[in-house]
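When a ligand or atom number is given, it counts from 1 through the structure's own listing order.
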Amino acid sequence: MSASTPSFEQGPIRPPSEAHSLLVRVIRNCTWNRCTFCPVYKGSGSSLRPLEDVLADVDAMAAAAAVLEERGVGAIHSGLVPQEAYQVALFLQDGGRTVFLQDADPCAVKPEKLTAVIRRVRERFPSVDRVTTYGRASTLARRTAPQLALLVEAGLTRVHLGLESGADEVLMAIDKGCNSGDLIAAGENVVCAGLELCFYLMPGLGGRAAAAAHVAGSARVIRAVAAAAPGERPLVVRLRTAAVVPGTPLAEREAAGEFVLPDDVEVAQELRDLLGQLGDARLELRSDHALNLLPGLEGSLPADRGRLIALLDEFLVLPRDEQARYAVGARLGIYRSLADRLDAQRRATLEQQFGGYGQPSADELLEAATALRARFL
Ligand code: SF4
């Protein structure tokens, strides 16, 4: 048997929209690693990777891609390429168009170095038309226009940025390491540089106590950045309903009674309030994570605002027991939309789940649905 092509590193996560992207690990783990809700890198230190190692990884992925194109995915099972080339196979199957730079904040790497990585990616994979990266607000707020122009010129096209909340009191409570001014500055820097920007917003992250501030602060930041984005590249806001993951600092706060995670009815109300407070902001709203209760809550704002508010109202006006049953059904993957409640077979499948639990109350079901969110992280 021929020897395998060289191995290469892969980081642990990427956004759902990058499921078929080539993953290039520029920096290991998270340099900040303090956000209280985040379980991803807790217990792992961060380190910069030498530029030559990252470039060698890109070359190794190109070598694996050449074998995969000739021999197909069987090359993984027969050891002609390393196991991690499975992601390269996904990338090729999807047309070889998208690349994602890992891990938490590749933008913290010197722009000249990041530029060299992006150039190497573009050279080795000429079919690529989208190169994206995660970036922290505290980093991007400090990047100058010429620095960002370097990255754009090299071929970076999109930044994924964890907004989480736009409220200073929430950002402080979750130890995000930035304030709302940083978020606005970072967002404006990115969109004005000619990059697409995806904000990740976490409804429910303020807890019950700061829900109103969470909505108002988030709406303020989103409005400011959306106003700076050009018409051809509107801000994209992706929803990630907050969850409490065991072992995180947020779980400790919850256990100490200092934080109460809003249930799905309260989160739906937050989203309705947010849509109201976004006014005429122009943006794309996406609900692309299994954590979210209503996958259909997507559209172009402000044009689709009425339709999205109507969708939330359809849930909010249900009897509480129906809301609770829908929330559990959605978390168990039985329901994908509110209309699924009317499907007798799906409903029967859901009721079977309650078989051994007597007749749980609506509050108990909502509590169960809220706890189930952690399964998606
Ligand atoms: S910056 Fe991102 S990866 Fe790092 S701790 Fe916060 S949420 Fe997690």
Side-chain angles (χ1 to χ4, degrees), residues 9-18 21 23-49 100-109 114 132-143 158-187 189-190 197-207 210 214 217-218 221-222 236-254 259 261 288-292 373-374 376-377:
E9 282 196 28
Q10 300 279 266
I13 62 163
R14 41 80 188 146
S17 57
E18 306 288 350
S21 296
L23 305 179
V24 179
R25 196 175 204 189
V26 176
I27 184 169
R28 288 190 193 97
N29 306 330
C30 175
T31 51
W32 177 249
N33 214 6
R34 285 166 54 173
C35 302
T36 60
F37 61 88
C38 174
V40 183
Y41 303 108
K42 294 287 183 287
S44 308
S46 170
S47 58
L48 287 173
R49 298 191 66 213
F100 177 63
L101 307 179
Q102 298 177 302
D103 283 335
D105 190 14
C107 295
V109 169
L114 199 54
T132 74
T133 180
Y134 273 138
R136 291 193 63 230
S138 51
T139 302
L140 290 162
R142 294 195 313 271
R143 286 284 174 261
R158 178 183 297 175
V159 172
H160 298 274
L161 196 158
L163 167 70
E164 335 299 8
S165 175
D168 285 323
E169 69 179 272
V170 178
L171 292 165
M172 182 95 72
I174 63 171
D175 206 357
K176 189 67 201 168
C178 68
N179 60 30
S180 58
D182 297 326
L183 287 164
I184 292 172
N189 285 349
V190 170
L197 176 62
C198 294
F199 265 164
Y200 289 80
L201 173 68
M202 299 187 79
L205 192 60
H214 180 40
S218 301
V221 170
I222 291 170
V236 178
V237 176
R238 296 178 187 270
L239 302 174
R240 296 284 177 276
T241 306
V244 177
V245 180
T248 58
L250 189 60
E252 285 170 25
R253 288 194 63 217
E254 184 182 56
F259 178 86
L261 187 63
D288 59 347
H289 200 288
L291 266 168
N292 299 332
R373 287 182 211 158
F376 297 96
L377 291 171

Go through it in stages, so that I can follow the logic: the residues are His160 and Phe100, the test is ring-ring contact (aromatic ring centres under 6.0 Å, His included), and I'd like the CA-CA distance, side-chain angles, deciding distance and then a yes or no.
CA-CA 10 Å; His160 298 274; Phe100 177 63; 5.7 Å; yes
When you measure from atom 2 (Fe) of ligand 1 to every protein heavy atom, which one gives the shortest distance, and what is it?
Lys176 NZ, 4.2 Å
Evaluate the side-chain proximity of Glu9 to Val24: yes if any heavy-atom separation is below 4.5 Å, no if none is.
no
For a side-chain hydrogen bond (donor to acceptor under 3.5 Å, both in side chains) check, start with the C-alpha distance between Thr139 and Asp105, then their side-chain angles and the critical distance, and finish with the verdict.
CA-CA 8 Å; Thr139 302; Asp105 190 14; 2.6 Å; yes
Examine ligand 1 and decide if any of its atoms is less than 4.0 Å from a heavy atom belonging to Phe37.
yes
Distance filter under 2.8 Å, centred on atom 4 (Fe) of ligand 1 - protein N, O or S atoms that pass it
Cys30 SG
Checking Asp182 against Ser138: is there a side-chain donor and acceptor pair closer than 3.5 Å?
no
Scanning both residues in full, the closest heavy-atom pair of Arg143 with Cys107 reads NH2-O, 2.8 Å
Within a strict 4.5 Å, meaning less than it, do heavy atoms of the Val237 and Leu201 side chains meet?
yes
Pairs in or reaching into residues 30-41: which pass salt bridge (Lys or Arg N to Asp or Glu O under 4.0 Å), with residues at least two apart or in two chains?
Arg34-Asp175
